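Everything below concerns the one structure shown next.
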Amino acid sequence: MAMFRQLMRPRIWMGYILLALLALSIGAEIAFAGETTTTVTTYVVSTQEERTTTRWTLTEWLRIKERTRLMDVWLAMFSGPKQKVFAPELNVSVLATQSTMQRKVDGAMTDNGTGQGTSAKAQVWLTNLISSRVGIRMLNIDLGFEAGAHDSGVLTAKIADDSAAALASVTSIEPAQTPSARTNWYTFNMRLFGKHIQDTSLVFKYGLMQTKNSLHLSGAVTGPELSKKPGSQTASGSTAGAELQIYIMRGLGLEGTAHQYRATSVAFGDHALKGTYGEGLAFVEIGVLRLQGGVYEERWTGKWSDVKTSTIEHGYVGGIKILL
C-alpha cells in the first residue's frame, strides 16, 4: 500500500504541472487576442483620422482661400516691406458745355433758351503724405485741394409758347437782362480707397463757393427793387460734394460728381440762395490724357419775401483731363 502511494505521487505532481501549463497557455492566448484587438482598433482609428485631415474638399479649399486672402489684405495694409513714398499728384480738366437753360418766377416760365459755357477744375493730391511721415502703413486715405469754376454762358432766349412770350415781353432790368451763372469753388478733399489719381476712388469735398448769378434774378418790372441794382447777382457761402471714379477696365471708366451750394452771404441780404450741380461722365485714357464726355445739370433757387425764382441748366459736357 505504501509502495502504491509512492508510485502515484509523481503522477499527481505531473497532473498539477500539466494543469498549470494549460492555464498559462489559455491565459497567453486570451492576452494575445486582447492585444491584437487593441492594435487593430488603434490602426483603423488613426488611419481614418489621418485620411480625414489630408482629404481635399471644395469647401475646405474655399475656406483656406478666403483665410489666405484676408491674411494677405492684413499684411498688405500693415506689414508691407516697401515703405510708401510721398508722391504729389495733379490733374487738370477743361470741359465745354452745350445746354438748355430755363428761368421761372413764381412757377411761371419767363426765360427759355440755350447756352454755351465751360467747366474747369484742378486738383492737387498730397498722396502718401501721412504714411511716409509717420512710418506706419496706412489705409488708402489721401488729402488734397481743389479749385474749380463753371460758367453757364449767357442765355440765348427762345420763345416756347404764347404765355412765355407774354412774360418775356416785359422789359428786363439790369443785371437780369443778360441771364448767366458763373460759380467758383475751393475745397479741401479727402480721397478714399484709391492709391493714386488713376485708380478707382471715392472723394469727399468741403469748402467755399462764390457765384455771380444773374440767372436766378427776376427780370420782371415788378421784381424786387434791390435785385435790379448792379452787383445784386453776387453771393458766397459753403459747398459740399463728392466724386466717384470707377475703372471698368484698363483705360476705360466712369466718373460722377455732385456739389451742393448754400449761400450764406448775398448782395443786400434781401434773399436766400442755394443750388446744386451734378455731372456724369464716361472716359477713355491714353497714358496721362483722358478724353471724357457726358451730361450735367445745375439748379438754383432764389427766395425773396414775395418772389421765388428757380432755374435749371442741363445739357452735354465734354473735354479733356490731364493726370500728372
Side-chain angles (χ1 to χ4, degrees), residues 90-103 111-125 144-158 175-187 189 197 203 205 207-217 231 233-245 253-261 263 273-286 288-302 310-324:
L90 169 68
N91 68 65
V92 179
S93 65
V94 179
L95 307 174
T97 64
Q98 181 73 41
S99 65
T100 297
M101 294 189 288
Q102 297 176 347
R103 174 167 58 184
D111 294 276
N112 183 22
T114 61
Q116 294 182 348
T118 58
S119 185
K121 69 179 179 182
Q123 293 179 338
V124 176
W125 289 102
F145 303 93
E146 177 177 333
H150 172 69
D151 190 342
S152 67
V154 178
L155 181 146
T156 302
K158 61 179 182 180
Q177 68 178 6
T178 55
S180 65
R182 177 183 175 85
T183 304
N184 301 330
W185 64 89
Y186 312 93
T187 61
N189 294 358
I197 58 177
V203 176
K205 313 177 182 182
L208 305 175
M209 75 87 179
Q210 297 175 337
T211 186
K212 190 174 182 180
N213 188 331
S214 59
L215 186 60
H216 84 283
L217 300 176
Q233 70 270 40
T234 60
S236 61
S238 63
T239 181
E243 182 178 309
L244 177 63
Q245 178 175 269
L254 302 172
E255 180 180 336
T257 301
H259 290 173
Q260 183 180 54
Y261 306 123
L273 178 65
K274 60 182 180 179
T276 59
Y277 177 86
E279 66 180 19
L281 306 174
F283 64 80
V284 176
E285 279 186 359
I286 305 172
V288 298
L289 179 65
R290 175 182 294 183
L291 305 177
Q292 52 189 7
V295 295
Y296 82 101
E297 181 177 286
E298 184 174 75
R299 292 175 179 265
W300 290 94
T301 301
S310 60
T311 68
I312 179 173
E313 171 195 349
H314 59 91
Y316 302 100
V317 58
I320 63 171
K321 177 183 282 189
I322 299 176
L323 306 108
L324 301 174

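Bear in mind that the values here come from a model prediction, so they are computed numbers and not experimental data.
When side chains are defined from C-beta on, Thr239 does not count as touching Thr183, because their heavy atoms never get closer than 4.5 Å. Contact of the Thr156 side chain with the Gln116 side chain is not registered, since no non-hydrogen atoms from C-beta on lie closer than 4.5 Å. Thr100 places a side-chain heavy atom less than 4.5 Å from the side chain of Asn112.
Separation of atoms CG (Asn213) and CD (Glu298) is listed at 7.5 Å; rounding is to 0.5 Å. With rounding to the nearest 0.5 angstrom, the CE atom of Met101 is 12.0 Å from the CD1 atom of Ile312. Annotation: the span from Thr311 atom OG1 to Arg103 atom CZ amounts to 8.5 Å, rounded to 0.5 Å. Interatomic distance, Ile286 CD1 to Ile320 CD1, rounded to the nearest 0.5 Å: 11.5 Å. Taking CZ of Arg182 as the reference point, atom CD of Gln233 lies at 13.0 Å (rounded to 0.5 Å). Rounded to the nearest 0.5 angstrom, Thr97 OG1 and Tyr316 OH are separated by 13.0 Å.
When all heavy atoms of Ala181 and Leu215 are compared, the pair lying nearest together is CB-CB, 4.5 Å.
Between the side chains of Gln210 and Asn184, no donor-acceptor pair is found at a separation under 3.5 Å.
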Item checked: Working for side chain to side chain contact (heavy atoms under 4.5 Å, CB included), residues Ile197 and Gln245 -> CA-CA 9 Å; Ile197 58 177; Gln245 178 175 269; 5.9 Å; no
Next item on the list: Check step by step if side chain to side chain contact (heavy atoms under 4.5 Å, CB included) holds for Lys121 and Thr187.
Entry: CA-CA 11 Å; Lys121 69 179 179 182; Thr187 61; over 6 Å; no
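For Glu279, there are no salt bridge (charged side-chain N to carboxylate O under 4.0 Å, His left out) partners two or more places apart in sequence or in a different chain. Checked against salt bridge (charged side-chain N to carboxylate O under 4.0 Å, His left out), Arg290 has the following partners two or more places apart in sequence or in another chain: Glu255, Glu285. Contacts of Trp125 classified as ring pair (Phe, Tyr, Trp, His ring centres under 6.0 Å), with partners at least two apart in sequence or in another chain: none. Listed by chain and residue number, nothing satisfies the ring pair (Phe, Tyr, Trp, His ring centres under 6.0 Å) test with Tyr186 (two or more places apart in sequence, or in another chain). Take Leu90 and apply the side chain to side chain contact (heavy atoms under 4.5 Å, CB included) test, not counting sequence neighbours, and it matches Val92, Val124, Leu324.
Under the 30°/60° scheme for interplanar angles, the aromatic rings of His259 and Trp185 are found to stand perpendicular. The aromatic rings of Tyr277 and Tyr296 are tilted relative to each other, their planes meeting at an angle between 30° and 60°.
Applying the salt bridge (charged side-chain N to carboxylate O under 4.0 Å, His left out) definition to pairs two or more places apart or across chains, none involves residues 310-319.
A donor-acceptor pair is defined here as one N or O able to donate and one able to accept, closer than 3.5 Å; no such pair exists between the side chain of Thr301 and the backbone of Lys274.
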